[in-house]
Amino acid sequence: MSKKDYSRRKFLKNSTLTGLGVGLSTAVTPTLFAGVSKDAGTAAIIGGSPVRTKGWPEWPMWDPKTDEERVIKVLRSGIWSRGKVVAEFEEKWAETIGTKRCLATTSGTQALITALRQLNVGAGDEVIVTPYTFIATIDAILINGAMPVFVDTNPATSQIDADKIEEKITSRTTTILPVHILGLPADMVKIMSIARKNNLAVLEDACQAWLAEIDNKRVGSWGDAGCFSFQNSKHIPIGEGGAIVSDNEEFMDRCFSFHNFGRPHGKVVGTVSGEYVILGSKCRTTEYQAAIGLAQLKRLEGQTKIREENAKYLRSKIKDIPGILPYELSENATRAVFHIFPFRYKKEAFHNLSRSKFLEALEAEGIPCSGGYKPLNNMPYLKDAFQSKNFQKVYPKEMLDFDGYVERNQCPQTDQLCKEAVWFRQSMLLGSKSDMNDIAMAIEKIHKNADKIN
Ligand SMILES: Cc1ncc(COP(=O)(O)O)c(C=O)c1O
């Protein structure tokens, strides 16, 4: 059966032939049907035709006509290590986010490691963080010798539950590390007020949230510092890359110095003359990556608008399907940028069809998807860190007892979210309204076929 055969007549015939249970026991959502051009038929996973056979927008995007001149100029110049083009990219990114300064780094991970270190986070400190993030967030804490303390997620927003932060503050807590995960902003108004009240530093992991806003202020500019990633899947893809932004000149001078072997920079001149004034490392980015970044930056606002509009539209199309709980935004959020379009899947409304089967069924309809993260608050990498010499020398035994740690850091809402989440990747949201209709149609179709798929 071809796609155009999804007529209402055919759907009714199909559902009659295969048992009225589908049509009667699962609520039809007329609003969805009204907005979607095709009716549901047999699910592709059980032999029907897929909703969609054509592909999705490719990522990363690159236009040789407009994007290559600058990159080629850099390549031909022979100046490939950090120079004027990196400085120009940094200036533009600081201006975009609304901070005084920006430092480009080799990755978002190195940005986080560098920023935490220069915020003086180290051995014996506790850092409050969400378990619903990419591993790099937690690695950056552990590599600096600090202890992650996990706060549960608000499953509706996928963000750290700000109302649960204060109960986790101890005498060791120095920093809150909110992550604007999936490109949806965390509740920075609440988080900043808790941090100021308790005299804590705030480092924002905005590695997935370029241009997201709370109260019309860009994320990354709320805390003491913010970190971004420009890795290939990200909205400014340059291969590998990252950035730290902040208004604090002295902190940024220290970050610069650290990323350049501890050489003097700005106010970081040390008290003794000599070339290396602070303990340093190296995570400088290259001129050609910055040239790629400048080209990508030109597309960011336009693409962000498209993602935002498509996300809102798709949300409106699927919100009434029983068992589908689309994302909610944090209080005070004025812009989400949808690195991922998330919703929660309640199998009870799908004849107990497991999430993994639901994901398979969506893939069969031509809709790429995934179940997203696993919780990071109980994985073996933590044990490895706790068994390291650095940790053993600094922390009392009871803090490093893994079972005790897992018990203290339980996050039941995150556990449930990780079982129910369904993700669509950002580049799918760069398609048309009709592409969004395909996604909604596929979900609706699976809903109607759920008992047969089971
Ligand atoms: C939330 C988060 N933090 C940090 C990082 C690390 O960034 P990078 O891959 O550039 O090191 C990522 C990358 O995926 C991320 O998603």
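Counting starts at 1 for both ligands and their atoms, following the listed order.
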Parallel, tilted or perpendicular: which fits the ring planes of W80 and Y288, with parallel below 30° and perpendicular above 60°? perpendicular
Does R52 make a cation-pi contact with W56, if we ask for NZ or CZ under 6.0 Å from the ring centre and within 45° of the axis? yes
Does the Lys NZ or Arg CZ of K433 fall within the cation-pi geometry relative to Y313 - under 6.0 Å from the ring centre and within 45° of the axis? yes
Do the two ring centres, one from Y132 and one from F150, sit under 6.0 Å apart? no
With a 4.0 Å heavy-atom cut-off, what residues sit around ligand 1? S107, G108, T109, L112, T133, F134, A136, T137, V179, I181, D205, C207, Q208, S229, Q231, K234, G241
Could you tell me if R196 sits above the aromatic ring of W222, with its cationic atom closer than 6.0 Å to the ring centre and no more than 45 degrees from the axis? no
Cation-pi, Y276 ring and R263 (6.0 angstrom, 45 degrees): no
